[in-house]
Amino acid sequence: MMTPLRTLRDKVFPDHWSFLLGEIALWSFVVLLVTGAFLTFFFDPSMEQMTYQGSYTPLRGVEMSRAYASVLDISFEVRGGLLIRQMHHWAALLFIASIALHLLRVFFTGAFRAPRRFNWIVGVALFWLALLQGYTGYMKLDDALSGTGLRVAHALMLSIPVIGSWLASNVFGGEFPGTVIIGRLYLLHLVVPLAMLGLIAAHLFLALRQRPAQWTGPGRTRRNLVGQRYFPRHALRQGGFFLLVSAVIAAMGGLFQINPVWLYGPYQSAVVGAASQPAWYLLFLEGSLRLFPAWEIRFAGYTIPPYFWAGVVFPGLLVMLMLGLPLLDARLRRDRGVHHLLQRPRDVPVRTGLGAAVVAFLLVLTLAGVSDVLASTFQLSVDAVTWAGRVGLVIAPPVVYWLTHRIALGLQQHDRQVLANGVETGIIVRRPDGGYQEIHQPLGPAALDYRGTPVPKKLNRLGPPGPALRGFFTPIEQPAAPPDHRPR
Amino acid sequence: MATPTGFEEVGTPSRQDGVEIVRYQPRFQPGSRSERRARRIVRSLFGVSGAAAAGSVVAYLTVPSESATPVLGAAVALTLGTFGVALISWSKLLLPLELAVEQRRAAPTKPPGLRRLTRRPLLTGGLALGVVSLGIPFAARLLRNPHTPTDDRVPLSPSEYTGWHPALNDNQPIRLVREDGRPIRPADVSVGGMVTAFPGIPGGASNRYADSPTMLIRLRPEEAARLRENLYELNRDSMAGDFVAYSKICTHVGCPASLYEQQTNRLLCPCHQSQFLVTDNARPVFGPATRSLAMLPIAVDGDGYFVATSDFKVPVGPSYWER
């Protein structure tokens with residue numbers, strides 16, 4: 001009975017909480033497909049103008065596009081429609097957040113190294129497609145906020161040298177906003193998931209074929225994989241986890257309001273509210289648009305506007321950097337090996353520091369993306385917040401790099417100290433010569449070598465003061481006797 | 001050798017499909033009290049989930065629509081959540097503890113078919129060239145040239161005019177109107193006030209003329225005097241008394257730059273915080289914008305209403321390559 005299914009059944013999966021991040025992404029994608037399929041029955045991607053006559057009184061009699069009206073109908077007329085719409089939105093946010101965290105996990109543990117380099121590239125493609133998908137998702141509702149976002153996208157397309165006006169005019173079918181863009185966004189929003197589905201299948205297939213990388217630990221080598229078999233334990237947990245992720249999304253969709261488009265009104269090119277911002281995952285681009293100085297290049301009748309660098313070149317470079325990361329890392333570290341054991345971030349201080357610096361850069365941009373909200377919340381001048389962002393963008397990455405590097409080295413050193421001297425007990429004794437000394441609990445008969453495995457830093461049950469006893473009101477177990485307890 | 005982890009080997013390690021089960025230990029004595037307790041927990045979780053599923057159906061059918069979203073969301077979450085917890089507790093409480101070790105196989109090499117294909121660069125290169133050269137004429141037919149006029153009344157490309165172009169109104173100056181189409185008189189705007197004006201043509205306030213929204217500002221007399229001193233050559237004769245009209249479309253990325261701060265005479269774009277000085281041709285004084293907001297030449301017509309004497313004299317909105 002040597003079938004592929006049985007081989008899958010017996011595959012071994014290592015267990016660690018950080019391996020669940022990718023799973024959250026996978027399950028929220030499933031929720032997105034299901035809720036999205038429901039929404040396609042009711043969404044109308046037409047930009048034809050009509051007068052709203054639905055049950056939401058404040059907008060009754062207002063001119064709006066059919067697309068926006070159909071979103072209002074989903075929210076107010078369709079039974080359970082608002083729940084599904086909000087679940088779809090929350091699932092999208094969870095999807096992107098978990099992909100981002102999963103990427104960081106893979107980066108900081110070195111799981112992108114050979115032989116998983118190609119799968120990293122697939123993952124990066126999925127990440128950017130997810131961002132695109134999120135963007136087209138809330139742009140196609142044709143509410144006031146999405147129209148403003150589309151206007152920005154239009155300007156970014158226009159800014160590209162030579163082909164800009166051709167690109168913008170062809171994407172929008174003429175001048176902004178035209179009459180076709182919502183339909184095209186909707187088409188893209190339906191087609192991109194198909195591409196993502198294929199990429200996810202490839203991602204899982206490759207991961208399954210190459211087998212997951214594992215943390216180092218007792219009995220774990222680069223040639224084996226220690227964990228539990230897929231069936232029944234891992235499968236059962238995976239099923240349970242899928243249901244839990246769906247449950248969290250359902251609870252959020254039901255209880256927490258998200259993107260209440262009926263409050264924003266239909267898109268009108270003359271209307272914008274204060275605090276108009278894109279979704280949080282695009283705030284870093286918003287921040288780069290806000291912080292980039294007004295440097296316009298003009299020569300011989302041609303212009304390169306500043307937001308070309310901030311809004312087109314910068315994300316392009318980011319994509320390139322992410323795609324090229326496995327090759328770059330192998331080149332810089334002169335690493336031609338094949339790796340199946342994960343690295344602790346402290347053991348690769350330079351890479352960890354660089355990663356943290358990039359994260360700091362993106363975080364400063366993200367904060368700059370809400371500079372007006374920060375300014376009004378903390379009663380600061382908008383100009384001061386903008387300048388703080390510009391300065392922070394230059395200062396934060398090197399500072400964060402230096403700090404992370406130091407912390408990683410410090411942690412490494414402490415691990416080695418514990419392995420050499422034993423666990424710190426906090427017990428200070430006075431020596432016969434009058435000096436003071438801390439007692440260490442040795443980990444073994446001799447000093448140990450560091451092998452990339454977590455080192456115990458706290459006393460275990462072999463030493464005082466002993467672990468807390470289990471039991472809620474009364475102890476349900478007897479305290480373990482200290483091993484060296486001898487009556488004097 | 002004693003195992004410190006609490007696992008114990010059961011029988012001899014078994015091996016199949018390259019997987020060795022090192023430790024396998026049932027959690028309970030069969031039929032023991034703790035086993036019954038664990039079973040009870042898992043069973044009751046499944047029970048709760050079933051009840052919540054029934055509750056969700058009832059809620060879908062009965063709960064009035066105003067409160068349907070939170071009730072349905074909570075019921076569905078309870079159904080799925082308890083089912084998920086039940087599955088996970090099943091694996092955590094009931095299934096035997098196990099530790100399995102799988103031997104990795106050597107890394108698979110590239111499939112031979114792919115290698116054979118990539119070894120013929122001439123073939124793939126030729127194929128790509130063929131596809132591209134076939135595609136260019138098709139693409140050229142499909143592409144829209146942004147520089148060709150689209151409205152037969154105006155002999156300009158769409159990016160070169162706005163809804164204020166007199167050709168859209170039989171070559172008559174176009175009135176400044178409010179969103180509902182009412183024309184604007186000087187007395188309608190208080191000193192230091194601002195009104196958003198649209199071209200008084202059919203659909204002038206609609207998104208069809210998305211580049212046309214204009215801010216009509218009535219300056220205090222001393223500030224109007226300062227602006228008159230500062231006016232660019234291009235903007236001479238564009239003001240009407242103490243009134244000035246600027247394009248509302250930000251020269252950064254096109255948001256409506258609509259926050260008018262009367263005290264400092266600045267216009268602020270809420271999207272990216274570009275600031276424009278009203279008393280100096282709406283020149284950008286802070287933020288990422290690089291160009292002044294375009295000024296609309298205005299006058300007061302015979303009936304006492306504001307009109308635009310011509311279109312904007314420079315393109316409004318964001319910069320682009322061949323601007």
Side-chain angles (χ1 to χ4, degrees), chain A residues 7 10 12 80 82-83 115 148 151-152 155 158-159 161-162 164-166 169-170 174-177 211 223-229 232-233 236-237 239-240 243-244 246-247 250-251 253-255 269-272 274 276 289-290 292 294 296 302-303 305-307 338 340 371-372 382-383 386, chain B residues 16-17 19 60 65 68-70 72-74 76-77 80-81 83-88 90-91 95 98-104 107-108 143-144 146 150 158-159 196 198 206-207 210-211 213 248 252-256 258-259 270-273 284 286-290 318-323:
Chain A
T7 352
D10 280 341
V12 170
L82 182 59
L83 173 67
T148 309
R151 182 119 216 182
V152 175
L158 266 184
S159 76
V162 187
S165 42
W166 283 77
S169 153
N170 280 288
E175 279 295 272
F176 177 85
R211 317 297 300 115
R223 297 216 172 70
N224 73 9
L225 201 55
V226 177
Q228 293 156 351
R229 285 172 302 163
R233 292 203 69 181
L236 212 52
R237 276 199 204 177
L243 291 169
L244 268 187
S246 318
L255 303 176
S269 67
V271 177
V272 71
S276 292
L289 285 180
R290 290 181 183 198
F292 200 86
E296 189 163 280
Y302 297 111
T303 306
Y307 37 91
V338 166
H340 292 300
S371 56
D372 51 337
V382 174
D383 305 20
T386 304
Chain B
Q16 68 176 8
D17 299 337
V19 173
Y60 187 79
S65 15
T69 304
L72 270 180
V76 172
L80 298 173
F83 205 97
V85 174
L87 289 184
I88 291 171
W90 185 350
S91 92
L95 289 181
E98 91 167 39
L99 191 67
V101 177
E102 178 186 330
Q103 296 303 318
R104 287 183 194 276
L143 281 183
R144 163 196 290 270
T150 49
S159 58
T196 297
F198 300 89
S206 74
N207 288 339
D211 286 340
K248 199 173 186 177
H252 181 223
V253 287
C255 291
S258 50
L259 304 182
C271 285
H272 304 97
Q273 286 78 49
F286 187 83
T290 53
S319 302
Y320 48 96
W321 177 247
E322 65 271 42
R323 185 180 187 273

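On a predicted model such as this, the values are computed, not experimentally measured, just so you know. Letters A, B, ... are given to chains in the order of the sequence lines, protein chains preceding strands, and every chain is numbered from 1.
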Between Ser169(A) and Arg144(B) the two heavy atoms that sit nearest each other are OG-CD, 3.1 Å
Report yes if the side chains of Val272(A) and Ser258(B) come closer than 4.5 Å at any heavy-atom pair, otherwise no. yes
Pair Arg233(A) + Glu98(B), salt bridge at N-O below 4.0 Å: no
Determine whether Cys255(B) and Val152(A) make a side-chain contact, defined as any pair of heavy atoms from C-beta on separated by less than 4.5 Å. yes
Atom pair NE2/CG of His272(B) and Leu289(A) - distance to nearest 0.5 Å: 4.5 Å
What one should report as the nearest heavy-atom pair of Leu83(A) and Gly73(B) is CD1-CA, 3.6 Å
Give a yes or no on whether the backbone of Gly80(A) and the side-chain of Tyr60(B) come within a donor-acceptor separation of less than 3.5 Å. no
To the nearest 0.5 angstrom, please state how far the CG atom of Leu244(A) sits from the CD1 atom of Ile88(B). 4.5 Å
Structural part of Ser159(B) lying under 4.5 Å from a heavy atom of chain A: both
Write down the atom of Phe292(A), the atom of Pro288(B), and the distance for their closest heavy-atom approach. O-CB, 3.6 Å
Only pairs of heavy atoms separated by less than 4.5 Å count here; which of Pro305(A), Gly164(A), Pro161(A), Ser371(A) has the most with chain B? Pro161(A)
Rounded distance [0.5 Å steps], CG in Leu82(A) versus OG1 in Thr69(B): 4.0 Å
Just checking, any donor-acceptor pair under 3.5 angstrom between side chains of Glu296(A) and Ser319(B)? yes
Side chain, backbone, both or neither: which part of Thr150(B) has a heavy atom under 4.5 Å from chain A? neither
Looking at Leu95(B) and Pro232(A), what are the two nearest heavy atoms and their distance? CD1-CG, 3.9 Å
Mind ranking Pro70(B), Pro284(B), Ala74(B) by heavy-atom pairs under 4.5 Å with chain A and telling me who comes out on top? Pro70(B)
For Pro306(A), is it the side chain, the backbone, both or neither that has a heavy atom under 4.5 Å from a heavy atom of chain B? side chain
Using a cut-off of under 4.5 Å for heavy-atom pairs, which of Pro213(B), Ala210(B), Ala86(B) has the most such pairs with chain A? Ala210(B)
Once you round to the nearest 0.5 Å, how far does CD of Gln103(B) lie from CZ of Arg211(A)? 12.0 Å
Can you classify the ring geometry of Tyr302(A) versus Trp321(B) as parallel (below 30°), tilted (30 to 60°) or perpendicular (above 60°)? parallel
Given the options Ser246(A), Gly240(A), Gly253(A), Ala251(A), which has more heavy-atom pairs under 4.5 Å with chain B than any of the others? Gly240(A)
Check: Val101(B) and Val12(A) side chains under 4.5 Å, non-hydrogen atoms: no
Closest contact, heavy atoms only, Ala270(A) versus Thr196(B): CB-CG2, 4.2 Å
Distance-only, no hydrogens or angles: does the Arg290(A) side chain make a donor-acceptor pair with backbone N or O of Gly287(B) under 3.5 Å? no
Starting from the C-alpha separation in whole Å, work towards a yes-or-no answer on side-chain hydrogen bond (donor to acceptor under 3.5 Å, both in side chains) for Ser165(A) and Glu322(B). CA-CA 8 Å; Ser165(A) 42; Glu322(B) 65 271 42; 2.4 Å; yes
To the nearest 0.5 Å, tell me how far Ser159(A) OG sits from Arg323(B) CZ. 13.5 Å
Atom pair CG (Asn207(B)) and CD (Glu175(A)), whose distance is rounded to the nearest 0.5 Å: 13.0 Å
Let's test your reading of the structure: which of Tyr320(B), Trp90(B), Phe198(B) forms the most heavy-atom pairs below 4.5 Å with chain A? Tyr320(B)
Indicate the atoms forming the closest heavy-atom contact of Asp10(A) with Val19(B), along with that distance. O-CG2, 3.1 Å
Between Gln228(A) and chain B, with a heavy-atom cut-off of 4.5 Å, which part of the residue counts as in contact: side chain, backbone, both or neither? both
Can you tell which part of Phe286(B) gets under 4.5 Å to a heavy atom of chain A, answering side chain, backbone, both or neither? side chain
Given that the side chain runs from C-beta out, which part of Ala289(B) has a heavy atom under 4.5 Å from chain A: side chain, backbone, both or neither? backbone
